[in-house]
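One structure below.
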Amino acid sequence: MTAYLDHAATTPMRPEALEAMVDELARHGNASSLHTSGRRTRRTVEEARERFAAAIGSTPSEVVFTAGGTEADNLALKGLFWARQGAARRPVVVTTSVEHHAVLDPADWLAEHEGADVVRLPVDAFGRLEVGALHEVLDERTDDVALVSVMWANNEVGTVQPVAEVVEAAHARGVPVHTDAVQAVGWLPLDFLASGVDCLTVSGHKVGGPVGAGALVARRGLDLTPVVHGGGQERGTRSGTLDAPSIRAFAVAADRAVAAPQVDAPRVADLRDDLVRAVLDAVPDAVLRGDPTRDGRLPGNAHFTFPGCEGDSLLYLLDARGVECSTGSACQAGVPQPSHVLLAMGVPEHEARGALRFSLGWASTKDDVSALAEAIGPVVDRARRAGLSSAAARP
Ligand SMILES: Cc1ncc(COP(=O)(O)O)c(C=O)c1O
């Protein structure tokens with residue numbers, strides 16, 4: 001049996017969502033068609049929109065369905081940037097150094113193609129935004145700032161960001177705020193309206209829905225220039241025939257997931273605490289990264305660096321023993337890169353190379369933790385012995 005400890009990458013579909021998706025796949029109809037099948041499909045989509053909006057604390061008209069979190073982040077960054085250029089140019093995009101690439105890369109694209117001036121704010125040793133640095137930028141460049149984008153919680157080390165403080169600081173200067181809440185939805189109490197953010201990204205496959213579904217929740221009246229042009233769906237903000245099966249399943253999953261802060265989150269946080277203890281018992285010099293407090297990090301996240309090891313070697317050794325996890329960072333052209341998140345937290349590159357992220361989700365059990373507890377000690381020993389012998393063999 002496999003112990004799946006990579007729920008932050010993608011989590012299994014919830015049975016209710018799978019059932020809804022299969023049922024809808026068996027039907028047909030384009031939500032824009034005027035005949036009976038089209039109108040039925042439209043009703044399905046609008047019911048899903050209402051259900052999703054209720055789960056996230058928005059009104060249905062504030063929901064723009066997309067094909068996932070990456071697309072929603074692109075719409076937020078580019079759409080807000082373009083909409084904020086008028087007679088006065090506002091070139092500054094303020095974000096953090098620990099965002100997901102779905103935010104960092106559109107920001108860099110805007111720098112390269114649209115002359116944006118991207119400010120990546122620093123974080124502390126836990127990966128938490130230095131809010132003072134945000135105030136400094138906003139004070140110095142008040143009239144030049146197009147938008148601020150700060151994630152709700154980090155996908156690698158799980159650190160929760162001070163989004164309320166970000167909203168207060170940005171709104172005091174009339175600057176809109178986007179937050180990538182992909183990892184937070186379903187795990188932290190989150191209400192779109194109460195949060196005050198102007199737009200917020202959600203991804204289907206992180207809440208137990210399908211891959212390739214997502215949404216940008218954008219407050220009423222927020223000006224967003226479309227990125228995808230075509231048939232004018234989603235009030236012209238995001239063209240493309242609506243994917244009714246995915247949207248229906250996504251809404252079911254999100255609805256189930258938002259009960260989690262009360263139900264699943266404490267259970268999963270307890271499992272995570274057991275996991276952290278087990279890893280530190282087996283490998284006493286492993287270093288837990290991110291915020292060590294229970295409230296400061298996502299309930300399902302445990303992230304470590306293992307001195308003297310390469311994260312990808314540990315990953316393959318664990319995989320061979322039936323434990324699936326992640327190094328947390330991206331591979332570029334097959335070459336493992338030290339995580340930009342860890343480097344931004346001040347972790348030296350040689351330590352950042354030994355990173356592993358274990359992430360738990362709605363389907364996690366004690367057995368998953370026990371499997372890791374058994375495997376991690378021998379795996380780290382083996383990786384270290386292999387590392388020493390290859391170092392000794394080097395001329
Ligand atoms: C924080 C964060 N943002 C965005 C994404 C991208 O979402 P999607 O896979 O739906 O495109 C991910 C996926 O890992 C993520 O963790």
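Heavy atoms only: backbone and side chains are in, while hydrogens, waters and symmetry mates are out. In listed order, ligands and their atoms are each counted from 1.
With sequence neighbours excluded, the residues forming a salt bridge (charged side-chain N to carboxylate O under 4.0 Å, His left out) with Asp264 are Arg267, listed by chain and number. Taking the salt bridge (charged side-chain N to carboxylate O under 4.0 Å, His left out) definition, one finds that Arg89 meets it with nothing, sequence neighbours left out.
No side-chain heavy atom of Gln183 sits less than 4.5 Å from a side-chain heavy atom of Leu188. Side-chain contact between Asp198 and His178 is absent, with no heavy atoms from C-beta onward closer than 4.5 Å. Gln161 has its side chain out of reach of Val166: every pair of non-hydrogen atoms, C-beta onward, lies at least 4.5 Å apart.
Distance from atom 16 (O) of ligand 1 to its nearest protein heavy atom, with residue and atom name: Gln183 NE2, 2.8 Å. Residue, atom and distance of the protein heavy atom nearest to atom 12 (C) of ligand 1 are His100 NE2, 3.4 Å.
Taking the six-membered ring for Trp and thresholds of 30 and 60 degrees, Phe65 and Phe52 have ring planes inclined between 30 and 60 degrees apart.
The heavy-atom pair separating Ala72 from Ala215 by the smallest distance is CB-O, 3.6 Å.
Distances between N or O atoms of His205 and those of ligand 1 include at least one value under 3.5 Å. Checked against a 3.5 angstrom limit, the closest N/O atoms of Asn155 and ligand 1 fall outside it.
Heavy-atom contacts of Gly69 reach the following atoms of ligand 1: 7 (O), 8 (P), 10 (O), 11 (O) (cutoff under 4.0 Å). Close approach of ligand 1 to Asp73 is summarised as follows: ligand atoms under 4.0 Å from at least one heavy atom of the residue are 3 (N), 4 (C). Of all the atoms in ligand 1, the ones that sit under 4.0 Å from a non-hydrogen atom of Thr70 are 6 (C), 7 (O), 8 (P), 11 (O). Near Gly68, meaning under 4.0 Å from one of its heavy atoms, ligand 1 places the atoms 10 (O).
Taking each of Thr201, Thr66, Asp180 in turn, the one with a heavy atom nearest to atom 1 (C) of ligand 1 proves to be Asp180.
Residue Lys206 touches ligand 1 through its side chain alone, judged by heavy-atom distances below 4.0 Å.
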